[in-house]
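Structure, as structure tokens:
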Amino acid sequence: MGGWAIAVHGGAGVDPNLPQQRQKEAKQLLTRCLNLGISALSSNIPAIDVVELVVRELETDPLFNSGRGSALTEKGTVEMEASIMDGPKRRCGAVSGVTTVKNPVSLARLVMEKSPHSYIAFSGAEEFARQQGVELVANDYFITEENVGMLKMAKEANSILFDYRIPVIGLETCSAGAAAMDNSLQMNGLPIRVYAPETVGCVAVDSQGRCAAATSTGGLMNKMTGRIGDSPLIGAGTYACNLCGISCTGEGEAIIRGTLAREVAAVMEYKGLGLQEAVDYVINERLDEGKAGLIAVSAKGEVACRFNTNGMFRGCATEDGLMEVAIWEQ
Amino acid sequence: MGWAIAIHGGAGDIPLSLPPERRLPREATLRRCLQIGVAALQAQKHSLDVVELVVRELENCPHYNAGKGSVLTTAGTVEMEASIMEGKTKRCGAVSGLSTVVNPISLARLVMEKTPHIYLAFDGAEAFAREQGVETVDPSDFVTSENIERLKQAKEANRVQIDYTQPITEERSGIPTPDGNSRIGTVGCVVVDEHGNLASATSTGGLVNKRVGRIGDTPVIGAGTYANNLCAVSATGKGEAIIRGTVARDVAALMEYKGLSVKEAAAYVIHECVPRGNAGLVAVSAKGEVAMPFNTTGMFRACATEDGYEEIAIWPLQD
């Protein structure tokens, strides 16, 4: 055993009717990010740097719901959150309510390394960002036209929507608006076609067996301002220790309740399960009625992805040559 | 079997020389809160109502670092946080960054019951408080002269202080605190009622001289607070250590996955998983057992069980 491994995700819960073009773009982005991570791992870059690097790339691309492309709050603004954790010493950092920081995951890393705290939020996090001199942009930078349209629809439907990946135009052509939301496939109580994958994440183990995890998100479409989900919560959306690294996505509230990321590590640590067994157990037994997915790597260089949603944008690779990018159940 | 309740008022480096004028009012508060909880349990109140009731009482008391006694941020303001969790359903609610809400724990409960979310923070949480019509006061009402002095001392010492005004430079320095007699801490309550329903609640003002926006372990489900159908846990101490140790969930995980008793699981987490001097917790099991371990000098704590056991203590008990 041994060797590096990496997995990335762009959210769990995908509309089965997602246009082919959109699927293709998502796979291309996942492949690009995976390759970025692979080349970093091959150059012996530590896992903690690799997960940050890959998540920055996902944040910078507007396709998924994090950084640029983040879902909008009920006020039409962006409030992003992220966390990162380094397995060997279980050091961690998290941010919430970030509105001008181009790469929230890097701010989370700075909280971990440059502050005595683990978690800083809202105006305090913005102030910390300025002190640290990270790249700042106007809130508008994060707001895409597509998301503005989706917020409008969400408000019309008077519901809180997870992010989605259906172009507004596409939706209109296939009977738009609230009427279109009558669909049997649901996620978080919402029709899947307007739900959508939220969150991006990356987990990696380097060739020295160090695990790390990072997760970043814009949260829910039409969310109340101030809402915090699972992504910044250590043990819920993100966890890493000397055994494994995990990043979760899906219904935030179910993930928080299930302390899902820590759970994978806990059953490995306390029940002696292997990575795949642990991941299967957690997805099958620990989600109650909730819908979610996760990616995980072990210190031994194994990788696992599981979800009980309709699809998850994901990709994984290991040193011994496995490489896979997928959306649907295989 | 039967009901059980445990309460804490924070763990930390509480000197054995704590003068009576500091010690007695805190012990009296613990006793009073314990009695309130016991009376509620005897009156068949649900565990969730009992933990909220008791933590509200602790928040209303200026001697502990939550609600009215909250310590100040580096900007001289109050930013309170709290969370609550019900064991049977694992429903939970949390709030951070409150500056006007008299009882943060009740707002956490409203987040749990009245929103599709679990966790609201800062302006959004304050706006939700207005919507729900909970009692609010001017932010300056939380600022006590004692806490202004505490912040002043912390700033002079140029350090962020833990709940207990313990010096926490990068690692623990062991330097005597400049404010050795002002020991105050996070509060929490865990309960199992006679039907075996478990609940946990934790509330805090955070750290003296903390950075504005800092979130500790208290509102983080699995870190400061956790409850399921086996046990309910509320942790206190150095937030960053409790977050990375997912302390509250780990007590439950050890019971669930290794079959440990609540006492064994709680002791394992406090003595094996968290660095010495960092944390304490209170826990009750569905069977009505209680555990209150800490690896700090002391922890303000109290517990009672249906079969008549009662304890109110600060330092380790003499055998």
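Values in this document were obtained by computation on a predicted structure and should not be read as measured data. Proteins come first, then strands; the chains are lettered A, B, ... in the order of their sequence lines, and each starts at number 1.
- Most heavy-atom pairs under 4.5 Å with chain B, from the set T259(A), L233(A), D288(A): that is T259(A).
- Heavy-atom pairs under 4.5 Å with chain A peak, among K258(B), M85(B), E126(B), E79(B), at K258(B).
- Panel note: side chain N295(B), backbone P275(B); a donor-acceptor pair is recorded below 3.5 Å.
- For chain B, no part of A236(A) is nearby; none of its heavy atoms comes within less than 4.5 Å.
- A donor-acceptor pair shorter than 3.5 Å cannot be found between the side chains of R214(B) and S118(A).
- A side-chain donor-acceptor contact under 3.5 Å links E126(A) and T99(A).
- Most heavy-atom pairs under 4.5 Å with chain A, from the set I221(B), I118(B), I243(B): that is I118(B).
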message: Between V282(A) and L294(A), is the side-chain contact (heavy atoms from CB on, under 4.5 Å) condition met? List the steps.
response: CA-CA 10 Å; V282(A) 166; L294(A) 63 84; 4.3 Å; yes
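- The contact between R249(B) and chain A is made entirely by side chain atoms (from C-beta outward), counting heavy-atom distances below 4.5 Å.
- The greatest number of non-hydrogen atom pairs below 4.5 Å with chain B, out of G97(A), G124(A), G226(A), is found for G226(A).
- Looking at E256(B), the atoms closer than 4.5 Å to chain A (heavy atoms on both sides) all sit in the side chain, from C-beta outward.
- In this structure, chain B has heavy atoms under 4.5 Å from both the backbone and the side chain of R90(A).
- Interface remark: K75(A) contributes no atoms to any contact with chain B (heavy atom separation under 4.5 Å).
- At a cut-off of 3.5 Å, with distance as the only test, a side-chain donor of N209(B) or T74(B) sits close to an acceptor on the other residue.
- In this structure, a donor-acceptor pair under 3.5 Å is present between the side chains of T238(A) and T215(A).
- Neither the backbone nor the side chain of S96(B) has a heavy atom closer than 4.5 Å to any heavy atom of chain A.
- Proximity to chain B (any heavy atom under 4.5 Å) is restricted, for Y239(A), to the side chain, taken from C-beta onward.
- With a 4.5 Å cut-off on non-hydrogen atoms, Q131(A) touches chain B through its side chain but not through its backbone.
- Remark: D217(B) does not engage K238(B) in a salt bridge, criterion side-chain N to carboxylate O under 4.0 Å.
- Options R91(A), R257(A), E269(A) differ in how many heavy-atom pairs under 4.5 Å they form with chain B, and the most are formed by R257(A).
- Contact of A253(B) with chain A is made through backbone and side chain together, with heavy-atom distances under 4.5 Å.
- Ring centroids of F122(A) and F122(B) are separated by less than 6.0 Å, placing the two rings close together.
- No hydrogens or angles considered: a donor-acceptor pair under 3.5 Å links the side chains of T89(B) and E86(B).
- Most heavy-atom pairs under 4.5 Å with chain A, from the set T73(B), V220(B), I215(B), N228(B): that is I215(B).
- If you check the side chains of Y119(B) and S83(B), you find no donor sitting under 3.5 Å from an acceptor.
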